[in-house]
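Heavy atoms only: backbone and side chains are in, while hydrogens, waters and symmetry mates are out. Positions are given from 1, in the same order as the sequence printed here.
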Amino acid sequence: MIKPLFWEDNRLFIVDQTLLPLEYKQIEIKNHLDMADAVKRLAIRGAPAIGIAAAAGLVVGLKSFINSGSTIFLEKLDEITAILNSTRPTAVNLSWALKRMKSVAKSMKHKPVPDIWDRLYQEALTIHQEDIAMCQAIARHGQNLIPEKANILTHCNTGGLATGGLGTALGIIITAYQNGKDIHVYVDETRPLLQGARLTAWELTEEKVPYTLISDNMAAYVMSTQNIDAVIVGADRIAANGDTANKIGTYGLAVLADFHNVPFYIAAPSSTIDPGIQSGQQITIEERDGNEVRNLFGTQISPMNSKAISPAFDVTPNKLIAGIITEKGRFGTPYNFL
Ligand code: MRU
């Protein structure tokens, strides 16, 4: 299983996912600005992974202030947290992890700064470890959704690259295959940035799980001809009523699944649930540069002045969702996540 982020001799590294699967490159993250840049350009991505990354980025960013007084250290904590928080607005895991780090630091504000920093380092590792455990529990709870022989459609990348552990939706699918089920996965390419074609296809190849890559516009055809048993995807933010933001294109898949009577499931750790918002209408959708749509791998594919939008996510209304699987089990309407 691939690790999107790891520590080696107290140094922090990520794998640059923008280059996969053509090139496997590790980058050292030396401070919070390196991490902010990596998160913004999707070198590290996926909701759980960016929560883990933000916590780790804060730790490396604060390292230079370990010998400062506590007033300066705590001011820098606020400053760096704000920088990391502003990188991507939709996945709640990012602000969830930073809030958790901040409250640990504030609870120790009268302690020596090196102790606060050590405790933050431990907290970042704990956030990572907890995500590994949540992925395992999600994979376990998801098993009874998958028949002995199943064709499953998925979108974007929700595997080891997107989390600290074995993944969410993809973790369920890969575990089902490893448990001996006869699984075939239909992988949506996931335009504009191709997380499905580049990352999910790569992970499934590594795990030897049989799959077929499709372009996004084939999903209706595939659902009407290939006996799809389930659609399983991840999430970036889940509102209290179950409305779910996930990679752009997810909502369309849920509508198609409803039309074809295919159950549509979400898999996510509880760090992706935002109990503070009642419905999906309150979720901020990240708007990225239109060049991501005008171009493909840096090559222009449309007239230069074409108007293009690049919303990174959409919201699937709860009524299209057959179940949300978290580490605590399977939830359905009315959602009572707590
Ligand atoms: O823009 P990305 O690649 O960060 O979007 C990722 C997704 O939408 C995933 O489905 C979601 O974060 C869940 S990852 C377990």
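Side-chain contact between Val39 and Leu84 is absent, with no heavy atoms from C-beta onward closer than 4.5 Å. Counting only heavy atoms from C-beta outward, the side chains of Gln136 and Leu166 approach each other to under 4.5 Å. Side-chain atoms of Phe65 and Val113, non-hydrogen and from C-beta on, never get closer than 4.5 Å to each other. Taking the side chain as every heavy atom from C-beta outward, Pro192 and Ile248 approach each other to under 4.5 Å. Between Ile174 and Leu204, the closest side-chain pair of non-hydrogen atoms falls below 4.5 Å. Proximity of Tyr335 to Ile273: side-chain heavy atoms (C-beta onward) are nowhere separated by under 4.5 Å. The closest side-chain heavy-atom distance from Asp37 to Leu33 is not below 4.5 Å. In this structure, the side chains of Val60 and Lys63 stay at 4.5 Å or more apart for every pair of heavy atoms.
Scanning all heavy atoms of the two residues, the minimum distance from Ile14 to Ala43 falls at CD1-CB, 4.0 Å. Across Ile132 and Gly164, no two heavy atoms sit closer than the pair CG1-O, 3.4 Å. The two residues Tyr177 and Lys208 have their closest heavy-atom pair at OH-O, 3.2 Å. Of all non-hydrogen atoms in Ser279 and Ala239, the two that sit nearest each other are C-CB, 3.5 Å. For the pair Ala267 and Ala169, the tightest heavy-atom approach, listed with the atom from each and the gap, is CB-N, 3.7 Å. Of all heavy-atom pairs between Gly51 and Ala97, the closest is O-CB, 3.3 Å.
Put simply, the side chain of Asp274 never gets that close to the backbone of Arg237: no donor and acceptor are under 3.5 Å apart. Side-chain atoms of Thr90 come within 3.5 Å of backbone atoms of Glu286 as a donor-acceptor pair (strictly under, hydrogens ignored). In this structure a side-chain-to-backbone donor-acceptor pair under 3.5 Å is missing from Glu327 to Cys135. The backbone N or O of Gly165 lies less than 3.5 Å from a partner atom in the side chain of Thr163, making a donor-acceptor pair. Side chain of Asn31 to backbone of Asp34: a donor-acceptor contact under 3.5 angstrom is found. In this structure, the side chain of Thr326 does not engage the main chain of Pro269 through any donor-acceptor pair within 3.5 Å. In this structure, Thr154 contributes its side chain and Val187 its backbone to no donor-acceptor pair below 3.5 Å. Between the side chain of Thr168 and the backbone N or O of Ala268 there is no donor-acceptor pair closer than 3.5 Å. A donor-acceptor pair under 3.5 Å is absent between the side-chain atoms of Asn85 and the main chain of Leu98, judged by distance alone.
One distance of note links CD1 of Ile324 with CG of Asp243; it measures 8.5 Å at 0.5 Å rounding. Interatomic distance, Lys247 NZ to Asp236 CG, rounded to the nearest 0.5 Å: 7.0 Å. Taking CE of Met101 as the start and CG of Leu77 as the end, the distance is 8.5 Å to the nearest 0.5 Å. How far NE2 of His155 is from CD of Glu189: 9.5 Å, rounded to the nearest 0.5 Å. One distance of note links CZ of Phe331 with OG of Ser270; it measures 8.0 Å at 0.5 Å rounding. To the nearest 0.5 Å, atoms CG (Leu19) and CD1 (Ile27) are separated by 7.0 Å.
Val262 and Ile152 sit in two unconnected hydrophobic clusters of ILVMFWY residues. Membership requires side-chain heavy atoms under 4.5 Å apart, directly or through other members. Following chains of ILVMFWY side-chain contacts shorter than 4.5 Å, one cannot reach Leu161 starting from Val209, and the two form parts of different hydrophobic clusters. Put simply, Ile232 and Ile321 are part of two different groups of oily side chains (I, L, V, M, F, W, Y) that touch within less than 4.5 Å, one to the next. Hydrophobic clustering, with ILVMFWY side chains joined whenever heavy atoms are under 4.5 angstrom apart, groups Val104 together with Ile80. Under the 4.5 Å side-chain heavy-atom criterion for ILVMFWY residues, no single connected hydrophobic cluster contains both Met223 and Tyr251.
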Report the C-alpha separation of Asn93 and Ser271 in whole Å, then their side-chain angles, then the decisive distance to 0.1 Å, and conclude whether the side-chain hydrogen bond (donor to acceptor under 3.5 Å, both in side chains) test is met.
CA-CA 6 Å; Asn93 309 61; Ser271 50; 3.1 Å; yes

Derivation and outcome, side-chain contact (heavy atoms from CB on, under 4.5 Å), residues Tyr24 and Ile2
CA-CA 11 Å; Tyr24 176 90; Ile2 177 121; 3.4 Å; yes

Could you walk me through whether Arg330 and Asn144 pass the side-chain contact (heavy atoms from CB on, under 4.5 Å) test, one step at a time?
CA-CA 10 Å; Arg330 175 178 169 181; Asn144 52 11; 5.9 Å; no

Quick one, Glu79 with Lys76, criterion salt bridge (charged side-chain N to carboxylate O under 4.0 Å, His left out). Give me CA distance, side-chain angles, the key distance, then yes/no.
CA-CA 5 Å; Glu79 203 179 287; Lys76 289 293 169 190; 3.4 Å; yes

Determine, step by step, whether Lys109 and Ser70 satisfy the side-chain contact (heavy atoms from CB on, under 4.5 Å) criterion, reporting the C-alpha distance in whole Å, the side-chain angles of both residues, the deciding distance to 0.1 Å, and the verdict.
CA-CA 7 Å; Lys109 65 180 177 206; Ser70 69; over 6 Å; no

Quick one: do Glu8 and Glu28 satisfy side-chain contact (heavy atoms from CB on, under 4.5 Å)? Show the steps, please.
CA-CA 10 Å; Glu8 213 168 83; Glu28 181 169 3; over 6 Å; no

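No more than 12 heavy atoms of other residues, nucleotides or ligands shown are found within 6.0 angstrom of NZ on Lys3. Counting non-hydrogen atoms of other residues, nucleotides and ligands closer than 6.0 Å to CG of Asn227 gives a total of 12 or fewer. Under a cut-off of 6.0 angstrom, the local environment of CZ in Phe337 is crowded, with over 12 non-hydrogen atoms contributed by other residues, nucleotides or ligands. Annotation: Gln281, atom CD; neighbour count of heavy atoms from other residues, nucleotides and ligands within 6.0 Å does not exceed 12. Counted within 6.0 Å of NZ on Lys30, heavy atoms from surrounding residues, nucleotides or ligands total 12 or fewer; the atom is thus considered open.
A salt bridge links Asp16 and Arg41; the closest N-O separation between the charged side-chain nitrogens and carboxylate oxygens is under 4.0 Å. The pair Asp229-Lys149 fails the salt-bridge criterion, with no side-chain N (NZ, NE, NH1 or NH2) lying under 4.0 Å from an Asp/Glu carboxylate O. Salt-bridge check for Arg191 with Asp216: failed, with every basic side-chain N at 4.0 Å or more from each acidic carboxylate O.
In this structure, Trp7 and Tyr121 have tilted ring planes: the angle between them lies in the 30° to 60° band. Under the 30°/60° scheme for interplanar angles, the aromatic rings of Tyr186 and His184 are found to be tilted.
The side-chain contact (heavy atoms from CB on, under 4.5 Å) search around Thr126 returns Arg100, Glu130, not counting sequence neighbours.
Neither side chain, Arg198 nor Asn157, offers a donor N or O lying under 3.5 Å from an acceptor on the other. At a cut-off of 3.5 Å, with distance as the only test, no side-chain donor of Thr244 or Asn246 sits close to an acceptor on the other residue.
For the pairing with Phe264, the side-chain contact (heavy atoms from CB on, under 4.5 Å) check across Leu153, Thr250, Leu256 returns one residue only, Thr250.
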